[in-house]
2 protein chains.
Amino acid sequence: MIKVSITDDHYVVLKGIESLLKDEKHINVISIHENAKDTLKAFKVNEPDILFLDINLPDINGIELTKTITKTFPKVRIIALTNHEDVSFVKRILDNGAFGYLLKNAHKAELLEAISTVTKGEKFLQESIKKKILNQSLGRTENTAFQPKLTRRETEILKAISEELTTQEISEKLFISPKTVEAHRMNIMSKLGAKNSVGIIKIAIQKQLL
Amino acid sequence: MIKVSITDDHYVVLKGIESLLKDEKHINVISIHENAKDTLKAFKVNEPDILFLDINLPDINGIELTKTITKTFPKVRIIALTNHEDVSFVKRILDNGAFGYLLKNAHKAELLEAISTVTKGEKFLQESIKKKILNQSLGRTENTAFQPKLTRRETEILKAISEELTTQEISEKLFISPKTVEAHRMNIMSKLGAKNSVGIIKIAIQKQLL
DNA sequence: TATGATCTAAGGGTATTCCCTAGTTTTTAA
DNA sequence: TTAAAAACTAGGGAATACCCTTAGATCATA
């Protein structure tokens, strides 16, 4: 008997997964939660084998919660549940301890497959995601979405730019020379492949760097 | 007996709503669809009284589909289903023929209330949305998200800016003086309440103006 | 203790954005 | 059918961003 929990702030998604799984005799949905706090609280009483976890929760960032659960309840295997098809995002989730990655358009068969694969201790990825990863490492079509690594300072300046601050204002805020701010901005542009600050913001929002 | 259809590209959401409604004796879920095309096709054979419609579909923009359905199948009452809490967005949907607006975190009671309200021919809004509208028209807290109306030319220039084009490039593309482009950009900034082009893009993405 | 990565920041341009003002055309409504 | 409003056009001038190069200081780590 596999014990399954689900955490998602969308009630209909909770009920959807629950209803898809309840016909399965070897699966027992032991709890459903709408936020991170309730999830952690419930786990102290009854810990599942598998958690379907929505990455976009209201209270905590999903990646952080994945880390926390992996540390506190190492036996729980997490299957991330999102709409993000961005490959770099998938990698980040898996790197942080998740065992599987499912899109919300997944059908019943995929749900069950994910559960059985993860139960065996193997990682599970939905077909469409696998294809994307392949396309990316081979063809590099366009979604060449490798995760650009910004440094601490660059991240600070990125945030400041997104707050519509000028170079002058940023320099005053961070106690550095305007020239330094410009240097960082240039590096950010080149790392993100942007032509100007507008491009920086566009890409930063796309890749959730903010 | 109220005939209900559901359209959502997330299978678990479809099953979730279906499972929540199937215990209700006066409600009959006659069909579920994962995209706009299938929905319209199915309606030709069997038309529901109420359609729960996800606004973010892969094939057609949800607002457009709302318009289409309202024209082609005027008896069908649409309840929009999204995560957008933006008030201006709600208004746009309702203006285009929707009868109700539900967030995906809605619980069973709200689903049922939405159905009964809309069946009576009244408009339905989820409580949390109502509150937001109130807060907005009174306090104007921060989410002062009224839909800024951009002109045709402004929209063209907004798109060009988001493509990281410079003023010069935009002027050549649209066969107008660079100075005119700048004037439009200034108007866009003032309409959106942005301090610079970065702000324009940020807000445009937020408000889905692109 | 090097070696690389990061943070710092200068000079010296050019290009672009931002701001104010204002004429012309088009659309809307009395 | 005219005013009035809105949209489109665009100029001058100041401020800011962008783009090179170069380079010292700091910090982690192998």
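Naming convention: chains lettered A, B, ... in sequence-line order (proteins, then strands); numbering from 1 in each chain.
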Would K191(A) and E154(A) satisfy salt bridge (charged side-chain N to carboxylate O under 4.0 Å, His left out), going step by step from the backbone distance to the final call? CA-CA 10 Å; K191(A) 279 189 184 178; E154(A) 282 163 0; 2.8 Å; yes
Among the nucleotides dC18(D), dT8(C), dA10(D), which one has an atom lying closest to any side-chain atom of N196(A)? dC18(D)
What nucleotide among dT9(D), dC18(C), dC7(C) has an atom nearest to a side-chain atom of R185(B)? dC18(C)
Take atom CZ of R153(B) and atom C1' of dA10(D), then tell me their distance rounded to the nearest Å. 13 Å
Proximity to DNA chain D (any heavy atom under 4.0 Å), residues of residues 161-180 of chain B only: I176(B), S177(B), K179(B), T180(B)
Nearest-angstrom distance from the residue atom NZ of K149(B) to C1' of dT28(C): 14 Å
Below the 4.0 Å mark, does dA17(D) have OP1 or OP2 next to a side-chain nitrogen or oxygen of S197(A)? no
Can you tell me the distance, in whole Å, between the CD atom of E182(A) and the P atom of dG11(C)? 12 Å
Under 4.0 Å from OP1 or OP2 of dA7(D): is there any side-chain N or O of H184(B) that close? no
Nearest-Å distance for atom pair CD1/P, residues I188(B) and dC8(D): 10 Å
Can you tell me how far P of dC8(D) sits from CG of L150(B), to the nearest Å? 10 Å
Where does the angle between the aromatic ring planes of F73(B) and F43(B) fall among parallel (under 30°), tilted (30 to 60°) and perpendicular (over 60°)? perpendicular
Check this for me: does any side-chain nitrogen of one of K159(A) and E163(A) sit under 4.0 Å from a carboxylate oxygen of the other? no
Is any side-chain N or O of R152(B) closer than 4.0 Å to OP1 or OP2 of dA7(D)? no
For E169(A), check salt bridge (charged side-chain N to carboxylate O under 4.0 Å, His left out) against everything at least two apart and list the hits. none
Taking it one step at a time, do L81(B) and V12(A) satisfy side-chain contact (heavy atoms from CB on, under 4.5 Å)? CA-CA 11 Å; L81(B) 205 62; V12(A) 288; 5.9 Å; no
Atom-pair distance (CD on E154(A); C1' on dA9(C)), nearest Å: 15 Å
K195(B) NZ to dA17(D) P, in whole Å, measures 12 Å
Quick check: do I170(B) and I157(B) have side-chain heavy atoms less than 4.5 Å from each other? yes
Figure out the CG/C1' separation between N187(B) and dA22(C), and round it to whole Å. 13 Å
Beyond-backbone contact of R185(A) with I200(A), side-chain heavy atoms, under 4.5 angstrom: yes
